[in-house]
Amino acid sequence: MTKRILVVCTGNICRSPVAAAMLQQGLADIEVTSAGLAAGQGGADQRIAALAQADGYDLSQHQARQLDRNLLNNADLVLVMSAKQRQIIAQKWPEMLGKTLMFGMWRKDKPIDDRDIPDPYQRSDEVCRLVYDTIKTASLAWREKLKNTGGTSVW
């Protein structure tokens, strides 16, 4: 049964915090957190936080944190933003690969082998908005999958 979801990106300041906030909404019985493979310090990216705020998601308390074995162990499902991130987890923690899936796996606008969600860090406002909208679509798809399975495995 899926009770704890960990959303992972690179720095834990753009994609994963907003994805976690979006997933959490409507999944009251599931705990959703986030982390980064190369997280520094600080809060959510201001542009992502502003887009999220306009949609009713509050990222003001978010602080970036580094992914580690403990976070992975505590998660029932790990969602990454890219195939490369999944490969990194497989290399560092091979036992975690079975519960590590692509955040964009349910996207229908891309072929199955091209469902990465690009990193908007230090890119244009237009790219930031596009990535935000992609995360929103992927979050809705994951919420539906998780609701329809009653929290049991979807993979």
Side-chain angles (χ1 to χ4, degrees), residues 1-37 39 44-45 48-49 51-59 61-62 64-121 127-155:
M1 182 163 273
T2 303
K3 289 295 181 188
R4 293 176 309 267
I5 298 173
L6 177 63
V7 185
V8 176
C9 69
T10 304
N12 193 221
I13 61 170
C14 294
R15 295 171 291 174
S16 60
V18 76
M22 288 177 177
L23 272 181
Q24 187 66 73
Q25 188 179 61
L27 296 176
D29 57 336
I30 297 175
E31 175 190 345
V32 185
T33 59
S34 67
L37 287 164
D45 176 86
I48 288 287
L51 290 168
Q53 186 68 37
D55 276 349
Y57 303 106
D58 182 12
L59 301 181
Q61 300 304 307
H62 175 76
R65 69 177 172 168
Q66 180 65 35
L67 181 65
D68 61 26
R69 182 179 300 281
N70 187 47
L71 291 172
L72 290 165
N73 280 336
N74 288 328
D76 300 311
L77 174 61
V78 178
L79 299 175
V80 296
M81 297 293 156
S82 71
K84 179 67 176 169
Q85 291 169 353
R86 190 167 187 268
Q87 289 172 349
I88 291 168
I89 288 174
Q91 289 169 351
K92 287 186 167 185
W93 305 284
E95 69 279 12
M96 302 299 171
L97 186 59
K99 65 179 178 181
T100 303
L101 300 175
M102 298 281 292
F103 191 78
M105 71 183 284
W106 306 116
R107 293 175 65 188
K108 296 188 184 336
D109 62 325
K110 296 279 187 178
I112 192 84
D113 61 345
D114 185 26
R115 296 192 179 172
D116 287 1
I117 297 176
D119 192 348
Y121 184 67
V127 169
C128 190
R129 179 65 198 201
L130 180 64
V131 169
Y132 179 85
D133 290 342
T134 301
I135 291 169
K136 191 174 185 179
T137 300
S139 295
L140 292 172
W142 268 108
R143 284 193 344 222
E144 285 306 307
K145 293 291 180 187
L146 290 163
K147 284 180 186 178
N148 289 340
T149 61
T152 59
S153 178
V154 294
W155 57 97

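Val127 approaches Pro120 most closely through the heavy-atom pair CG1-CA, 4.3 Å. What you find for Pro17 and Cys14 is that their closest heavy atoms are CD-O, 3.6 Å. Leu71 and Ala35 get closest at one heavy-atom pair: CD1-CB, 3.8 Å. Among all heavy-atom pairs drawn from Leu59 and Ala21, the shortest one is CD2-CB, 3.8 Å. In plain terms, the two heavy atoms of His62 and Ser34 that are nearest each other are CE1-OG, 3.6 Å.
Ser139 meets the side chain to side chain donor-acceptor pair (under 3.5 Å) test with no other residue; sequence neighbours excluded. Evaluation of the side chain to side chain donor-acceptor pair (under 3.5 Å) rule for Gln66 yields no partner, not counting sequence neighbours. Partners of Asn73 according to the side chain to side chain donor-acceptor pair (under 3.5 Å) rule, which considers only residues two or more places apart in sequence or in another chain, do not exist here. Shown here are the side-chain contact (heavy atoms from CB on, under 4.5 Å) partners of Ala90, two or more places apart in sequence or in another chain: Leu97. Every residue meeting the salt bridge (charged side-chain N to carboxylate O under 4.0 Å, His left out) condition with Asp55, not counting sequence neighbours, appears here in chain and number order: Lys136. Remark: Asp58 pairs with no residue by the salt bridge (charged side-chain N to carboxylate O under 4.0 Å, His left out) rule, at least two apart or across chains. With sequence neighbours excluded, the residues satisfying side chain to side chain donor-acceptor pair (under 3.5 Å) with Arg65 are Thr33. Looking at residues two or more places apart in sequence or on another chain, you find a side-chain contact (heavy atoms from CB on, under 4.5 Å) between Asp109 and Arg107. For Arg143, there are no salt bridge (charged side-chain N to carboxylate O under 4.0 Å, His left out) partners, not counting sequence neighbours.
Among residues at least two apart or in separate chains, salt bridge (Lys or Arg N to Asp or Glu O under 4.0 Å) pairs with a member in residues 7-28 are Arg15-Asp119. Sorted by first then second residue, the side chain to side chain donor-acceptor pair (under 3.5 Å) pairs that include residues 16-28, not counting sequence neighbours, are Asn12-Ser16, Gln25-Tyr57. The salt bridge (Lys or Arg N to Asp or Glu O under 4.0 Å) analysis of residues 82-95, with sequence neighbours excluded, yields the pairs Arg69-Glu95.
Of the options Asp116, Leu101, Thr100, a side-chain contact (heavy atoms from CB on, under 4.5 Å) to Val80 is made by Thr100 and by none of the others. Just one residue in the list Leu23, Leu77, Val18 forms a side-chain contact (heavy atoms from CB on, under 4.5 Å) with Val7, and that residue is Leu23.
Going from atom CG of Leu37 over to atom CG of Asp68 covers 11.0 Å, rounded to the nearest 0.5 Å. Taken to the nearest 0.5 Å, the CZ atom of Arg115 stands 8.5 Å off from the CE atom of Met105. Note that OG1 of Thr134 and CZ of Phe103 are 10.5 Å apart. Values are rounded to the nearest 0.5 Å. Of the inter-residue distances, the one linking Lys99 atom NZ with Asp76 atom CG reads 6.5 Å to the nearest 0.5 angstrom. In this structure, CD1 on Ile5 lies 4.5 Å from CD1 on Ile30, to the nearest 0.5 angstrom. To the nearest 0.5 Å, the span separating CD1 on Ile89 from CG on Leu6 amounts to 7.5 Å.
Here the side chains of Trp142 and Leu79 are in contact, with some heavy-atom distance below 4.5 Å.
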Next on the checklist: Would Leu51 and Cys128 count as a side-chain contact (heavy atoms from CB on, under 4.5 Å) here? Give the steps.
Outcome noted: CA-CA 9 Å; Leu51 290 168; Cys128 190; 4.2 Å; yes
